[in-house]
Chemist: 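The structure is given below, and queries will be raised subsequently.
All values reported here derive from a predicted model rather than from experimental measurement.
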Amino acid sequence: ATGCDHPWQAVLRGLPPAYSDEDLLLAQPGLEVPTGWDERLALATYGQESRIAAVSPMSDSIPLFRLLDRSADQIALDRLDRWLLTLSPRRNIEVPALFGGCCYLRRAALQDIEARLDAIARDQGWDAAPIWLAQLFREQGWHAVCCDHVYVRDRDAGRQFERNRIAQLEDAQRIEQIHPLT
């Protein structure tokens with residue numbers, strides 16, 4: 001969108017008014033995605049819990065969203081996808097940050113935090129949006145979750161800054177110790 005310097009800024013601030021009631025899906029370059037990934041993220045948003053604000057898929061690029069202890073790169077994405085669809089209990093696990101490579105955002109939750117977006121973005125920066133968005137949602141009684149039945153591969157090394165910040169979160173480290181998704 002015009003005047004936006006960061007993908008999160010474009011997604012949260014760059015939409016024309018005609019789309020102001022639509023949910024949003026952020027999918028950045030460098031992702032490898034399975035068939036139906038977008039519909040499954042949307043379904044997870046409206047599934048078990050009515051106050052889900054954001055759904056991130058699983059991805060081995062950040063330990064918080066990791067599926068396997070070792071890299072899953074040697075396993076074909078369509079095979080992993082079929083495996084997850086067959087074996088997954090379809091759980092959403094609360095997470096302290098969003099996956100910046102791909103995330104489904106519910107419009108009603110975004111409207112609840114809209115008044116604070118610009119001030120926090122100026123204060124903390126758009127690069128940290130995956131962390132402060134999850135915090136804002138929690139403050140308004142919404143949940144940020146990772147669903148256990150959608151897996152994407154993120155091949156963009158440019159998001160390393162985000163990965164490092166998320167890995168340093170105390171809540172992320174605690175989840176990784178007893179990871180409910182692996």
Chemist: Tyr46 vs Tyr104 aromatic rings, parallel, tilted or perpendicular, using cut-offs 30° and 60°?
Modeler: perpendicular
Chemist: Assess the residue pair Asp38 and Val33 against the criterion (side-chain contact (heavy atoms from CB on, under 4.5 Å)); give the C-alpha distance rounded to whole Å, side-chain angles, the decisive distance to 0.1 Å, and a yes or no.
Modeler: CA-CA 9 Å; Asp38 48 348; Val33 297; over 6 Å; no
Chemist: Any sub-3.5 Å donor-acceptor pair from Asp23's side-chain atoms to Arg107's backbone N or O?
Modeler: yes
Chemist: Sequence neighbours left out, what passes side-chain contact (heavy atoms from CB on, under 4.5 Å) with Glu139? Give chain and number order.
Modeler: Arg116, Gln135, Leu136
Chemist: CG/Leu26 to SG/Cys102 distance, rounded to the nearest 0.5 angstrom?
Modeler: 7.0 Å
Chemist: If you round to the nearest 0.5 Å, how far is CG of Leu43 from SG of Cys147?
Modeler: 10.0 Å
Chemist: With a 4.5 Å limit on heavy-atom distance, are the side chains of Cys146 and Phe99 in contact?
Modeler: no
Chemist: Check for a donor-acceptor pair, side chain of Asp148 on one end and backbone N or O of Arg91 on the other, with a separation under 3.5 Å.
Modeler: yes
Chemist: Of the non-hydrogen atoms in Arg153 and Ala76, which two are nearest, and what is the gap between them?
Modeler: NH1-C, 4.1 Å
Chemist: Between Leu110 and Leu12, does a side-chain contact (heavy atoms from CB on, under 4.5 Å) hold up when you go through it step by step?
Modeler: CA-CA 8 Å; Leu110 290 171; Leu12 297 173; 3.6 Å; yes
Chemist: With rounding to the nearest 0.5 Å, note down the distance linking OH in Tyr151 to CZ in Arg79.
Modeler: 13.5 Å
Chemist: Give the C-alpha distance, both sets of side-chain angles, the deciding distance and a yes or no for salt bridge (charged side-chain N to carboxylate O under 4.0 Å, His left out) between Asp78 and Arg82.
Modeler: CA-CA 6 Å; Asp78 63 338; Arg82 285 192 309 272; 3.5 Å; yes
Chemist: Checking the side chain of Glu94 only, and the main-chain atoms of His143 only, is there a donor and an acceptor separated by less than 3.5 Å?
Modeler: no
Chemist: Mind checking whether Asp123 and Trp132 have side chains closer than 4.5 Å, heavy atoms only?
Modeler: no
Chemist: To the nearest 0.5 angstrom, please state how far the CZ atom of Arg51 sits from the CZ atom of Arg138.
Modeler: 14.0 Å
Chemist: When you compare the side chain of Leu117 with that of Leu133, does any pair of heavy atoms fall below 4.5 Å?
Modeler: yes
Chemist: Under 4.5 Å between any side-chain heavy atoms of Val150 and Glu39, yes or no?
Modeler: no
Chemist: Output all residues satisfying side-chain contact (heavy atoms from CB on, under 4.5 Å) with Ala53, sequence neighbours left out; order by chain, then residue number.
Modeler: Ala109, Phe137, Trp142
Chemist: How far apart are the closest heavy atoms of Cys103 and Ala54, and which atoms are they?
Modeler: SG-CB, 3.9 Å
Chemist: Kindly compute the distance separating CH2 (Trp8) from CG (Leu98), expressed to the nearest 0.5 Å.
Modeler: 5.0 Å
Chemist: Go through the structure and list residues passing side-chain contact (heavy atoms from CB on, under 4.5 Å) with Leu85, not counting sequence neighbours.
Modeler: Arg40, Asp81, Arg90
Chemist: Any donor-acceptor pair under 3.5 Å linking the side chain of Trp37 with the backbone of Glu32?
Modeler: no
Chemist: Distance check, rounded to the nearest 0.5 Å: Ser56 atom OG versus Leu41 atom CG?
Modeler: 8.0 Å
Chemist: At their closest point, which heavy atom of Val152 faces which heavy atom of Pro57, and how far apart are they?
Modeler: CG2-CG, 3.7 Å
